[in-house]
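Okay, structure first, notes after.
Keep in mind that what you see is a predicted model, and the values were worked out from it rather than measured.
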Amino acid sequence: MFVPPPAGLSTSVNRATQARATLLNSGWYKSPLAQTVRGILHGKRFVAVMVIALFLALFMNDIWVLAGINSNLWLNLLLTPVMALFFVELCALTAVDITYLFSFFQFMDIIGTFSMVFDIPWMLGTDATKAETYSSDDDDAKRNLMLLRALRAAKIGARAGRLSRVLRFLRFLPFMGGNRDDQRTGIASLISGKLANLLGTRVACLTILLVMVVPVFDIYTFPQEDLSQLTWVDRLSVNMMDGRINDTLDELQMMTEYYAELPFGPYEVCTGHSVEDDFVCDTSDTLASWEPGFSAPPRQSSVVKVYTDTFMVSFNMHEPAQREAGIGICTICFIVFLMVFSGLALSSVVTELAVRPLERMLEKVQEIATTVFKFSAEVTETEADEAVVIDNSNEMKLLEKVVQKLAIIAEMQTTSALRIPEKTDDMNAEDIGILSMMHGVNIVEEKEKAQRRLTATKRKQAPPPHMRIEDLGVTLDVYASWGFNALRLSQDQRRRVAEFTIARFHESSDGFFNSQEDVLTLQRFLQALEKEYLPVPFHSFAHAADVVHGVARLMRVTGSEHFLSGLEQFSLLIAAAAHDIGHPGVNNGFLSEVGHELALEYNDRSPLENMHCAKLYKIVANPQADVFGNLTKDQYKEVRKHCIETILHTDMTMHTSMVKDLQMLYQMNMEIFSDDSPDDAQVEPVALAEIEIFTEAGAKTLVMEAFLHSADVSNPCRSWEVTQMWAWQCLEEFFMQGDQEKEKGIPLQFLNDRDKLNKPHSQIGFIEFMIAPLFAANLRLWPRLHELGDNLGNNMASWKDMWVEQTSPGEEEKAKVVARVDKVRKSLEDSMNRTPL
């Protein structure tokens, strides 16, 4: 399943794309100055300068620590211009390079540039001439030490952000697409460079992000974590305050021995007093006899002074600082090596797996082009000066020209081929047989079909009499709504309304019933259908007329003309009329349970639906009722395919999979459907991007199946009067099947026991579990069907009220049913608003 990006991220991407498009179309971007600046920024000289600046930014601080230089002067003089240079490059690229704007490189350059304030001493960088001081009396001392470590980790991570600049320099390396020895101009070499650069960049970006994040987890590993310095200073300070000099000297000796095996330790102690964030030693020589195990470090920033109100110990942390600096240099060097190596490895893989086969294929294109152009010149008598220079042509353009030439050749070969003679009357059977064999068709049959099509065209000149829906006893307002009720119509009205719906769905000039003879064929077809429908309570011809109206309404409201052809719409209307022909009033489960002949004939696989299809085509086998008679052979095959597929998918066992498929269709294209607000959906039936989705082969088949199935079970979505009447008819048919099940002694199916079932409560469950999920999926795809969602929610509430009135349930049971109703109504409302799932 495709998982779409978060709404906020999608909006940001769209805004970035719009900003890039605006910059690209602006006069500034195309100006000579902007082009000059781009040339300078992407030139080798500027890149060389930036490589030197990057080297200074990455390694200068660590080199200063390793060298033990106790001065800030050269760091300030070197790193300040580097930061200025980074800032100028950032601003310039943002202004003139659309590929840089809002990209990963811009984001990382912002981090890398502004993180330099933590490396430059006169800004927020480490002052080499100033020691770090911590008061042992401060309760937050440990937290301060951890904060120091966190700051160092953050500085290392931010410095890694500058490594993204290395990626922009890699394009000048041979294996990354620059300075290739062969300097080929073909599309394969271009693809090779692009793919290698793209893959190498992605891997390197991931490496940089990991380097930035991982050090954060190393905060608690700094040597000062154990707070040994604070402990020793506290003990020594207590001894001095108590005047125990000898004990203090003993403690100092013990401290010296403790740090003897460690890379850091004390080198100076003194008594005195603290002043703000520092400590002032006195001139007493009381502890002069103590011999430290360490000497003073060359850099003051490598000194850590830990003190109380009266006592201070200075620690030499130079070696850990050097180790950390050395590891930092090695880490950055390893990352650069990894980026270069990954670029080389991925380039090699891409070249062998994709580019080499593509090169061989395009070389074959050139060979074919030579032959095709030569043959084309012979066939079309092209002049010599029209010859195409193949060797220096772009392969894609060359391939396009090849296709054009082949089309010309095919057309000429087709037009020059032997045609079917206009007259075959004087030919004997042998001649006609030879022509039929040569052309692969039956000459006489094709002639007769052409004559029938010509006759049908001529019949269009005599259109059928104009008919209005009001002439059938149905008002236009009712007919064009979901309040249409086929149960209140007479038998003749139902048939004539179905005729009107099918014949008048398309404009007369584009329809399939364009003459009086066509309409008579449709009438005979519907009369034959009506005779085959059995007088059962629900699956009668009244239901067929209702589903025809429902399919037509669904296609009208959803603007199906934008994604369904006229032939596909015609197929749905005919399938709707015949989808339950011959229904015996029992379901497939009953037929299988009793071993009915239909279940045996169709191996228990949708026996009713297969029977409906078979009966439909038995009726149209009669030329007098053949509504497909004016179709071509290909049209007939397409209509037959659509009718069979859609009727078979009215089997309720297909219901759940259809709901899932509709939900999947929305989820896979959610970013397109979500672009249209519900208000927009009221104005435009369907957006252009949605049309492209619905016209895909698989999606179109699903849409057609969903239209017929939705119309088939749409009774709970009609107005309350219509819904209630059809519900009673449906339940009565279930009860009649239940009576047979009791009589035959077979298991009584759900909803079929007239003695136990509560009718209103059964409709609540039927809507909740079967109907609501289907129409919720429909509403997400077509919000213009909102009236069905409103009706469905209102009808479920009405069934709840009827259930409460009939059964007087307890408050707890009533509350549960009310919650179920509210949940369904909320789900339908979210679907109509296309609220994310």
Side-chain angles (χ1 to χ4, degrees), residues 467-506 511-513 519 522-523 525-527 529-530 533 538-561 564 566 568-581 583 612 616 627 643 646-647 650 703-727 729-730 771 774-775 778 782 784-785 787-789 791-792 795:
M467 182 189 301
R468 300 187 311 151
I469 191 65
E470 289 86 350
D471 298 335
L472 307 180
V474 180
T475 65
L476 182 60
D477 291 341
V478 172
Y479 178 78
S481 74
W482 295 109
F484 174 78
N485 190 354
L487 289 173
R488 290 201 177 278
L489 302 181
S490 66
Q491 183 175 346
D492 183 64
Q493 282 179 308
R494 293 166 186 161
R495 186 177 64 255
R496 297 189 66 191
V497 167
E499 173 195 333
F500 176 87
T501 303
I502 297 173
R504 298 298 172 215
F505 185 83
H506 297 95
F512 298 85
F513 303 96
V519 173
L522 176 61
Q523 291 174 353
F525 170 75
L526 291 174
Q527 289 171 357
L529 279 182
E530 186 179 22
Y533 272 93
F538 185 82
H539 292 98
S540 62
F541 186 75
H543 173 63
D546 181 68
V547 174
V548 169
H549 172 269
V551 166
R553 281 289 295 157
L554 287 172
M555 291 194 294
R556 290 283 191 212
V557 175
T558 59
S560 63
E561 65 275 8
L564 294 181
E568 290 162 342
Q569 293 174 324
F570 169 71
S571 304
L572 274 175
L573 292 170
I574 297 300
H579 81 285
D580 273 332
I581 183 173
H583 199 292
H612 303 325
L616 165 62
V627 289
C643 286
T646 54
I647 291 175
T650 58
V703 167
M704 295 179 68
E705 294 167 353
F707 277 174
L708 181 56
H709 180 59
S710 298
D712 189 23
V713 297
S714 65
N715 306 128
C717 305
R718 308 298 184 92
S719 63
W720 170 243
E721 178 195 13
V722 180
T723 292
Q724 189 177 18
M725 290 185 66
W726 278 110
Q729 297 296 115
C730 184
I771 305 304
L774 172 64
F775 281 91
N778 281 328
W782 300 285
R784 287 172 64 90
L785 297 175
E787 188 177 349
L788 292 175
N791 290 343
L792 188 58
N795 291 340

Checklist line | All ring-ring contact (aromatic ring centres under 6.0 Å, His included) counterparts of His709, not counting sequence neighbours | finding: His655

Check: Does Gln569 have any side-chain contact (heavy atoms from CB on, under 4.5 Å) partners at least two apart in sequence or in another chain, and if so, which?
Finding: Phe505, His506, Met555, Ser560, Glu561, Leu564

Note to self: Among residues at least two apart in sequence or on other chains, which ones pass ring-ring contact (aromatic ring centres under 6.0 Å, His included) with Tyr479?
What the structure shows: Phe500, His549

Notebook entry, point to check: Who passes side-chain contact (heavy atoms from CB on, under 4.5 Å) against Asp712, sequence neighbours left out?
Noted result: His543, Val547, His579, Asp580, Thr650

Check: Looking at residues at least two apart in the chain, or sitting in another chain, which of them share a side-chain contact (heavy atoms from CB on, under 4.5 Å) with Ala542?
Finding: Leu487, Arg494, Ser540, Trp726

Item checked: Under the ring-ring contact (aromatic ring centres under 6.0 Å, His included) test, residues paired with Phe707 that sit two or more places apart -> Trp782

Next item on the list: Only counting residues at least two apart or in another chain, list the ones meeting salt bridge (charged side-chain N to carboxylate O under 4.0 Å, His left out) with Glu499.
Entry: none

Notebook entry, point to check: Quick one: salt bridge (charged side-chain N to carboxylate O under 4.0 Å, His left out) partners of Arg495, sequence neighbours excluded?
Noted result: Asp492, Glu530

Next item on the list: List the atom of Leu554, the atom of Ala711, and the distance in Å for their closest heavy-atom pair.
Entry: CD1-N, 3.9 Å

Margin query: I'd like to check the ring-ring contact (aromatic ring centres under 6.0 Å, His included) partners of Phe775; sequence neighbours left out, ordered by chain and number.
Written below: none

Next item on the list: Measure across Leu573 and Thr501 and return the closest heavy-atom pair with its distance rounded to 0.1 Å.
Entry: CD1-O, 4.4 Å

Next item on the list: Please identify each residue that fulfils side-chain hydrogen bond (donor to acceptor under 3.5 Å, both in side chains) with Glu721, with sequence neighbours left out.
Entry: Arg488

Next item on the list: Name all residues meeting the side-chain hydrogen bond (donor to acceptor under 3.5 Å, both in side chains) criterion together with Ser714; count only those two or more places apart in sequence or in a different chain, and write none if there are none.
Entry: Arg718

Checklist line | side-chain hydrogen bond (donor to acceptor under 3.5 Å, both in side chains) partners for Asn715, two or more places apart | finding: Asp546

